[in-house]
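Please read all numbers here as calculations on a predicted model, not as lab measurements. Only heavy atoms go into these numbers, but all of them, side chains included; no hydrogens, no water, no symmetry mates.
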Amino acid sequence: MSKKKTGHPFGKVGVLFGGRSAEREVSIMSGNGVLKALKSHGVDAHLFDTRERSLAELAAEKFDRVFIALHGRYGEDGTLQGALEQLGIPYTGPGVMASAIAMDKVMTKRIWQSMGLPTPRFLVLDAHEASREELRQVPDVLGLPLMLKAPHEGSTIGIAKVAGYSDMSEGFALCAKYDEVVLAEEFIRGRELTVPVLGAGRSARPLPIVEIRAPEGNYDYQHKYFTDDTKYLVPAPLDAALTERIQALAVQAYKAIGCEGWARVDFMLRDTDNEPFLLEINTSPGMTGHSLVPMAAKANGVSYEDLCLEILASAALDLAPTADWKPV
């Protein structure tokens with residue numbers, strides 16, 4: 001469903017950050033960065049920590065629109081988007097349905113599969129009832145190495161690489177701490193790429209591709225946010241035809257689950273044949289000093305501050321309020 005623009009000026013803006021997901025620390029960094037950027041443009045912006053303050057307080061703030069700088073559950077998964085719809089407060093990023101789907105890596109992959117979009121082979125395991133024998137069979141189906149993931153987490157939280165049969169139990173136990181199911185996914189050996197997408201419908205457009213080169217291929221939480229050891233190549237060194245193909249695929253993946261506003265699509269590019277595989281989509285990407293969307297925008301000549309303003313300008317609702325609707 002396409003979100004309807006409200007036509008209101010920016011007015012009083014809330015930057016929703018913090019929250020209560022496992023990605024709270026990253027969200028705090030994102031929120032403070034966005035706040036500073038918006039204020040540099042003269043926007044009347046205010047931080048609002050959704051863990052520390054209630055929905056009643058959010059309604060009482062009378063924000064004209066909000067920038068969602070939350071990551072993970074209770075901020076990126078459609079629950080907050082639904083509350084904002086009820087309150088009639090336009091918000092950045094995809095709507096309720098797309099946010100909920102994108103937060104679930106299994107459902108996202110099923111939709112992409114149904115539309116013929118390439119994604120690694122996978123199995124879904126019950127986090128509480130998968131037997132030792134079931135775990136032993138996973139490498140027989142997907143091969144080794146393979147990846148285990150908590151489907152509703154991000155920022156490389158709840159993820160394990162399994163190199164041998166003996167690693168399955170430990171990796172499974174790690175991921176099962178975070179979710180009701182565990183996603184077992186074929187490992188694609190190759191280059192790690194990501195493509196931010198901005199806009200909606202026919203206006204959706206990709207930004208330059210970023211290639212991520214982490215030490216020993218280990219792009220974990222520490223290497224994502226707190227060290228300078230990871231190298232980022234933007235635009236990624238790919239030939240023009242492959243670049244165009246991957247960017248087009250990113251826009252297809254974005255539209256397939258109904259995204260609009262902004263998101264970031266993650267890929268692996270297989271080293272044996274340069275075939276791209278879709279891994280996941282992030283509907284409220286990081287906006288820290290190490291984040292990938294600002295990097296890609298900068299390569300297009302767009303500053304962090306201007307990017308934040310463009311995203312804020314796209315704030316909207318799934319459903320425009322009726323004529324007799326009044327804010328809470």
Side-chain angles (χ1 to χ4, degrees), residues 23 71-72 76-77 94 98-99 101-125 138 142-143 145-162 171 175 178-179 181-197 206-207 209-214 217-221 223-224 230 232-233 236 238 242-243 245-257 259 262-286 291-293 296:
E23 299 177 70
H71 311 309
E76 193 175 353
D77 61 357
S99 296
I101 292 171
M103 195 65 210
D104 186 330
K105 294 181 180 69
V106 173
M107 188 58 67
T108 298
K109 286 168 71 71
R110 285 173 175 160
I111 289 174
W112 286 341
Q113 265 191 338
S114 74
M115 300 186 71
L117 301 179
T119 189
R121 294 178 301 129
F122 67 99
L123 296 171
V124 181
L125 306 167
V138 172
L142 300 179
L146 61 85
M147 301 301 296
L148 295 176
K149 301 177 180 180
H152 295 90
E153 294 295 342
S155 292
T156 65
I157 293 169
I159 187 168
K161 184 177 180 180
V162 174
C175 298
Y178 295 94
D179 229 318
V181 297
V182 173
L183 169 66
E185 187 177 68
E186 173 190 14
F187 179 74
I188 304 297
R189 193 180 305 279
R191 299 161 68 180
E192 189 167 357
L193 309 173
T194 194
V195 185
V197 181
L207 292 181
I209 302 172
V210 181
E211 180 173 356
I212 303 148
R213 293 186 182 175
N218 185 24
Y219 192 44
D220 60 10
Y221 188 84
H223 285 130
K224 266 192 174 185
T230 301
Y232 302 97
L233 286 71
L238 305 166
L242 184 56
T243 294
R245 180 184 173 200
I246 291 170
Q247 287 180 314
L249 186 55
V251 173
Q252 284 181 278
Y254 177 89
K255 290 181 178 180
I257 61 170
C259 283
W262 72 310
R264 197 193 76 230
V265 186
D266 295 341
F267 290 84
M268 288 301 297
L269 184 66
R270 191 162 59 192
D271 57 11
T272 54
D273 56 7
N274 273 347
E275 282 298 315
F277 289 83
L278 292 158
L279 295 182
E280 62 182 276
I281 185 166
N282 300 274
T283 55
S284 183
S291 290
L292 303 170
V293 178

Using side-chain heavy atoms (C-beta onward) and a distance below 4.5 Å, is Phe122 in contact with Gln113? yes
Keeping the roles fixed (side chain from Ser284, backbone from Glu76), state whether a donor-acceptor pair exists under 3.5 Å. no
side-chain contact (heavy atoms from CB on, under 4.5 Å) between Ile246 and Phe267: does it pass, once the steps are laid out? CA-CA 9 Å; Ile246 291 170; Phe267 290 84; 4.0 Å; yes
Do you know the tightest heavy-atom contact between Ile111 and Ser114? O-OG, 2.7 Å
For Phe187 and Met147, work out which heavy atoms get closest and say how close. CD1-SD, 3.8 Å
To the nearest 0.5 Å, what is the distance between CD1 (Ile188) and OG1 (Thr272)? 8.5 Å
I'd like to check the side-chain contact (heavy atoms from CB on, under 4.5 Å) partners of Gln247; sequence neighbours left out, ordered by chain and number. Val195, Pro206, Ile209, Thr243
Gly286 backbone acceptor or donor facing Ser291 side chain under 3.5 Å: yes
Can you tell me if Asp179 uses its side chain to pair, donor with acceptor, with the backbone of His152 under 3.5 Å? yes
Do Leu117 and Gln252 pass the side-chain contact (heavy atoms from CB on, under 4.5 Å) test, and can you show the C-alpha distance, the side-chain angles, and the key distance before you say yes or no? CA-CA 8 Å; Leu117 301 179; Gln252 284 181 278; 3.9 Å; yes
Tell me, with the steps shown, if Leu278 and Val265 meet side-chain contact (heavy atoms from CB on, under 4.5 Å). CA-CA 7 Å; Leu278 292 158; Val265 186; 3.5 Å; yes
Is there a side-chain contact between Met268 and Glu192 in this structure, where contact means two heavy atoms from C-beta onward sitting under 4.5 Å apart? yes
Compare every heavy atom of Gly171 with every heavy atom of Ala160, then report the nearest pair and how far apart it is. CB-CA, 3.8 Å
Any non-hydrogen side-chain atom of Tyr178 less than 4.5 Å from a side-chain atom of Ile157? yes
Tell me, please, which residues at least two apart from Ser99 pass side-chain hydrogen bond (donor to acceptor under 3.5 Å, both in side chains). none
Given Val138, which partner from the list Val162, Val182, Leu123 fulfils the side chain to side chain contact (heavy atoms under 4.5 Å, CB included) test? Leu123
Closest heavy-atom pair and its distance - Ala253, Ile281: O-CD1, 4.5 Å
Given side chains that start at C-beta, do those of Leu238 and Leu269 come closer than 4.5 Å, heavy atoms only? yes
Give me the atom names and distance for the closest heavy-atom approach of Thr119 to Phe277. C-CD2, 3.9 Å
Validation row: Pro276, Leu249 side chains within 4.5 angstrom (heavy atoms): yes
Does Asp104 use its side chain to pair, donor to acceptor, with the backbone of Val106 at less than 3.5 Å? yes
Determine whether Trp262 and Pro285 make a side-chain contact, defined as any pair of heavy atoms from C-beta on separated by less than 4.5 Å. yes
Would you confirm whether Thr194, through its side chain, and Val210, through its main-chain N or O, come within 3.5 Å as a donor-acceptor pair? no
What I want to find out is whether Lys109 reaches Glu185 closely enough, with some N-O distance under 4.0 Å, to be called a salt bridge. yes
Reported CG-to-CZ distance for the pair Asn274 and Arg245, which is rounded to 0.5 angstrom: 9.0 Å
Measuring only between side-chain heavy atoms, which start at C-beta, is Pro145 closer than 4.5 Å to Arg189? yes
What I'd like to find out is whether the side chain of Pro196 reaches to under 4.5 Å of the side chain of Leu292, using heavy atoms alone. no
Donor-acceptor check, side chain of Glu186 to backbone of Arg121, threshold 3.5 angstrom: yes or no? yes
Please report the shortest heavy-atom distance between Ala98 and Thr283, naming the atom on each side. O-CG2, 4.4 Å
Any chance you could measure Lys161, atom NZ, to Leu146, atom CG, to the nearest 0.5 Å? 10.0 Å
Working to the nearest 0.5 Å, report the span between NZ of Lys105 and CG of Leu183. 8.0 Å
Using 4.0 Å as the upper bound for N to carboxylate O, is an ion pair formed by Glu275 and Arg270? no
